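To start, the structure itself, in structure tokens.
Please read these numbers as outputs of a predicted model, since none were measured by experiment. Numbers for residues simply follow the sequence, beginning at 1.
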Amino acid sequence: LCSLEVREGRVEASASIAVRAHGAVSRYLVGVPFLQRCWIDAAEAALFALEQGARNEPRGKLLAIARQAVRRTRLLARFYPYLRGPSLYAKARLTAHTRGAAAAEPIYDRAIGALEGTPHRWELGVVLLDAARVLPHRRAELASRARQSFEAMGAHREVARVERLYDSG
């Protein structure tokens, strides 16, 4: 649900679902990697809500969710390589929000590198598209690569999202 709210641009709903997802995954003590992926989703929703100015949840709470998610998933990624790319993506997005694009750029590059050559084309496309949003000096290159990743999967709505990014120049 976190990803859906973000992809649909629902700011307040993203904030609410980030808090709900964080609460649920915090209570779940089993370290199964596909369930721990929820930390990434909660961070993405919290950061989207922060970036878009959500008012229904305290900013500090959303930032704390993102920070905790990055800490948790970086540790988990040591044991579960599947989480390495998504964890770096969450860290890159958090860094972009707190320290700016220049500080986030090398982390985005590491996230992209971790996902390239894996079967996780969706995650690669998402990271490329977000990096294109944050790094305007590389927008054309990154958006083109995101488009290729989504087209290869037949993800037409995401291809349309890439086209909107191109149009925003």
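With rounding to the nearest 0.5 Å, the separation of CZ in Arg67 from CG in Leu62 is 12.0 Å. Remark: Ile112 CD1 to Arg145 CZ distance equals 5.5 Å, nearest 0.5 Å. The NE2 atom of His22 lies 11.5 Å from the SG atom of Cys2; values are rounded to the nearest 0.5 Å. Annotation: the span from Ile107 atom CD1 to Leu94 atom CG amounts to 8.5 Å, rounded to 0.5 Å. Within the model, atoms CD of Gln52 and CD of Glu12 stand 10.5 Å from one another, a figure rounded to the nearest 0.5 Å. In this structure, OG on Ser144 lies 14.0 Å from CZ on Arg139, to the nearest 0.5 angstrom.
Remark: His120 engages Tyr82 in a ring pair (Phe, Tyr, Trp, His ring centres under 6.0 Å) (not counting sequence neighbours). For Phe150, the ring pair (Phe, Tyr, Trp, His ring centres under 6.0 Å) partners at least two apart in sequence or on another chain are Trp122. By the salt bridge (Lys or Arg N to Asp or Glu O under 4.0 Å) test, Glu151 pairs with no residue at all, sequence neighbours left out. Judged as a side chain to side chain donor-acceptor pair (under 3.5 Å), and not counting sequence neighbours, Arg84 has no contacts.
Among residue pairs with one or both ends in residues 85-97, those qualifying as salt bridge (Lys or Arg N to Asp or Glu O under 4.0 Å) are Glu44-Arg93, Glu51-Arg93, Arg93-Asp130; sequence neighbours excluded. Legend: salt bridge (Lys or Arg N to Asp or Glu O under 4.0 Å) pairs involving residues 68-78, not counting sequence neighbours: none detected.
Criterion: ILVMFWY side-chain heavy atoms under 4.5 Å apart, direct or through other members. Under it, Leu128 and Leu115 are part of a common hydrophobic cluster. In terms of hydrophobic clustering, with Ile, Leu, Val, Met, Phe, Trp and Tyr side chains grouped at heavy-atom distances under 4.5 Å, Leu50 and Ile17 are assigned to different clusters. Hydrophobic clustering (ILVMFWY, side-chain heavy atoms < 4.5 Å, transitive): Val6 and Leu129 are in distinct clusters. Leu142 and Tyr108 fall within the same hydrophobic cluster, defined by Ile, Leu, Val, Met, Phe, Trp and Tyr side-chain heavy atoms under 4.5 Å apart, directly or through other members. The hydrophobic clustering, which links ILVMFWY residues whose side-chain heavy atoms are closer than 4.5 Å, places Phe79 and Leu75 apart.
Other residues, nucleotides and ligands contribute more than 12 heavy atoms inside 6.0 Å of the NE2 atom of His137.
Considering all non-hydrogen atoms of both residues, Ala42 and Ala21 come closest at CB-CB, 4.1 Å. Summarising the geometry of Val134 relative to Pro136, their closest heavy-atom pair is O-CD, 3.0 Å, with the distance given to 0.1 Å. Residues Asp41 and Ser3 approach most closely at OD1-OG, 3.7 Å, considering heavy atoms. Annotation for Ala18 and Ala45: closest pair CB-CB, 3.8 Å, computed over non-hydrogen atoms. Between Ile40 and Ala90, the closest heavy-atom pair is CD1-CB, 4.2 Å. Between Ala54 and Ala15, the shortest heavy-atom distance links the atoms CB-CB, 3.9 Å.
Pro86 places none of its side-chain heavy atoms less than 4.5 Å from the side chain of Thr73. Between Thr95 and Val70, the closest side-chain pair of non-hydrogen atoms is not below 4.5 Å. Here the side chains of Ser149 and Val126 are not in contact, with every heavy-atom distance at 4.5 Å or above. In this structure, Leu124 and Thr118 have side chains that are not in contact, with every pair of non-hydrogen atoms separated by 4.5 Å or more. Arg138 places a side-chain heavy atom less than 4.5 Å from the side chain of Asp109.
Of the possible polar contacts, one joining the Arg27 side chain to the Gly23 backbone as a donor-acceptor pair under 3.5 Å is found.
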(request) Quick one: do Ser87 and Leu76 satisfy side-chain contact (heavy atoms from CB on, under 4.5 Å)? Show the steps, please. (result) CA-CA 9 Å; Ser87 174; Leu76 287 166; over 6 Å; no
